[in-house]
Amino acid sequence: MSTVSPEKSFLDEVKKRSGQPIELCYQCQKCASGCIATEFADYYPNEVIRMVQLGQKERVLNCSSIWLCSACETCGARCPNNINVRAVMDALKEMAIEKGIIKEKRVKQFHNVFLGTVYSHGRIHEVSMMAKYKLKSLDLFSDMGIGFKMFTKGKLPLTPKNIKDKSKLKNIFDKSDPSMLNVKLEDINYGEQKTGV
Amino acid sequence: MKFSYYPGCSLEATAKEYDLSARAACQALDVELQELDDWVCCGATSAHSINKTLSVSLPAKNIAIAQQVGHDLVIPCSACYNMLKKADHHMRNDSDVRGKMEEIVDFKYTGDVNVLSLLEAMVNRLGIDNIAQKVVNPLKDLKVVCYYGCLLVRPPEITHFDRDENPESMDNLVKSLGATVIPWSYKTDCCGANLGLTSSDVVQGMVGRLLDAAKEAGADAIVTSCPLCHSNLEMRRKEHGTDLPVFYFTELMGLALGLKDCTNWFSTHLIDPRPLLRSVSLI
């Protein structure tokens, strides 16, 4: 008879989604030493990894660190166990969204508006994207001065550029199910890049 | 020498001087850049943050367009480069990812198109010596630090270009233009990236550290290859004077190559670099 504890199944789920060997972390803290978000976020990256190892699902999905990670990938490049912590943070964000737990609402709103703009136009149009984001986040007045200066310098065109082939793009969006890609452990190649197909 | 060119969304707006200077410098060096027809946004941080599949399928769409043209694909923006390079890496090395992308994007991946950053194309394909030979206005007395940021160099097992802890390609290129390039320890520290828009106080702290370090090293300006780094370094500083302006490396190439358009690029900066350039008699 075999039993799977909830702690173990959470760890397995994060491993599967991120494709990372999370169990190998031995808390050397090289990731935290190089992380620029540590002074602003609630947990260090090594602490996030530890919480995943221990199956502390609620605590880790509720933390701000997974949202304030800027995806600079310093942690992963320095990890002696080749854990790409950015991929773990992305997997945790994905799971938090599925559970409806959004600790940093503005960050999530920004991502939604950004991808919505790509869906509508095919490219980012900064003026309409920022207008939408500001309305949604109610952060209405920050950066007005800088925005105006950029506009006068011709850096914020008012009309969006649309791509021609929108139906194909919409098709790509519709088919891109977030859960479709779980990069498998054995396919992550930390040695020499393979060439050819 | 001919490449396909993927400018990316920023280069149509907030980083238009990067686009103009990249095209002008390449033309002066006989490098032909052919813009990809009907390219789409790479998805940037938002795609990989909330939909991993889209973070590969949007870049794959652009690789599919580039395959039809056939030339290697050059990308100036570090963020776009990183997205397309990663997508190409996964499709090249993982048959499962490749199969799914071929189905979503409706194409057949051949692996014939190499994805290069513009810096890599200049340094490795064209060669620094070939650029140095065409310098007519050496950037004498201009003291700079080169800031590579994150996405050009990491993850190193995918980017395969320069050293990830202490990259030197941009330093060597800018040196060949006649400038004094000062070593510093913050070449690959993060500027805060897209958090500049949602958590600007966080980014102000990160940018402040970089500006202080650049000043302490004795630099008069910062050189970068990333539109997001450029706008954070300009927008998220406390004092908006003319101190420590930020250049794209292509702007310095244009200046050293004696291109007349340069002043039009410099006038679009939020931190005006012209007082500095006048003080060292470069414009």
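Lettering of chains follows the sequences in order, A, B, ..., and the numbering in each one begins at 1.
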Could you grab the distance from atom CD1 of B:I104 to atom OG of A:S176, nearest 0.5 Å is fine?
->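 Answer for the CD1-OG pair, B:I104 versus A:S176, is 4.0 Å.
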Got a second to check how far B:D38's CG is from A:R123's CZ, nearest 0.5 Å?
->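 Answer for the CG-CZ pair, B:D38 versus A:R123, is 6.5 Å.
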Looking at [X] and [Y], what are the two nearest heavy atoms and their distance?
X      : Y      : answer
B:I50  : A:H111 : CD1-CB, 3.8 Å
A:D165 : B:K61  : OD2-NZ, 4.1 Å
A:L115 : B:S46  : CD1-O, 3.8 Å
B:R154 : A:E73  : CD-O, 3.2 Å
A:K153 : B:T268 : CD-O, 3.3 Å
B:D164 : A:A77  : OD2-CB, 3.9 Å

In terms of heavy-atom proximity below 4.5 Å to chain A, should [X] be classed as side chain, backbone, both, or neither?
X      : value
B:L151 : side chain
B:D112 : neither
B:S55  : neither
B:H269 : backbone
B:E12  : both
B:E17  : side chain

Which of [options] touches chain A most, by non-hydrogen pairs under 4.5 Å:
options                       : answer
B:C191, B:G149, B:P155, B:A15 : B:P155
B:P156, B:A60, B:G43          : B:G43
B:C150, B:S10, B:A13          : B:A13

For atom [atom1] of [X], decide whether the heavy atoms of other residues, nucleotides or ligands shown that lie under 6.0 angstrom number more than 12.
X      : atom1 : answer
A:K103 : NZ    : no
B:F266 : CZ    : yes
A:K170 : NZ    : yes

Option that, when pairs with chain B are counted at under 4.5 Å, heavy atom only, ranks first among [options]:
options              : answer
A:C69, A:G154, A:C35 : A:G154
A:E104, A:M89, A:R86 : A:R86
A:R78, A:H125, A:E39 : A:R78

Please walk me through it: do B:C41 and A:F114 pass side-chain contact (heavy atoms from CB on, under 4.5 Å)?
-> CA-CA 10 Å; B:C41 170; A:F114 188 100; 3.9 Å; yes
Can you check side-chain contact (heavy atoms from CB on, under 4.5 Å) on B:D189 and A:T74, steps first, answer last?
-> CA-CA 8 Å; B:D189 272 32; A:T74 307; over 6 Å; no
Output yes when B:E234 and A:K149 qualify as a salt bridge under the 4.0 Å nitrogen-oxygen rule, no when they do not.
->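 No.
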Any B:D37 side-chain heavy atom under 4.5 Å of A:K164 side chain |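 In contact.
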Per-residue contact mode, [X] against chain B (heavy atom under 4.5 angstrom):
X      : result
A:I66  : neither
A:N112 : both
A:V118 : side chain
A:I97  : side chain
A:I163 : both

Without swapping roles, check the side chain of A:D90 against the backbone of B:K52 for a donor-acceptor pair under 3.5 Å.
->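 Flag not set: sc A:D90 to bb B:K52 has no pair under 3.5 Å.
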B:T14 side-chain N/O to A:K155 backbone N/O, donor-acceptor pair under 3.5 Å =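 No, the answer is negative, given that no donor and acceptor are paired below the 3.5 Å cut-off.
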Before giving the answer on side-chain contact (heavy atoms from CB on, under 4.5 Å), spell out for A:K168 and B:V105 the whole-Å C-alpha distance, their side-chain angles and the decisive distance to 0.1 Å.
-> CA-CA 8 Å; A:K168 215 161 188 184; B:V105 179; over 6 Å; no
Let me see the working for B:L58 and A:L169 under side-chain contact (heavy atoms from CB on, under 4.5 Å), right down to the final yes or no.
-> CA-CA 8 Å; B:L58 287 173; A:L169 178 72; 3.7 Å; yes
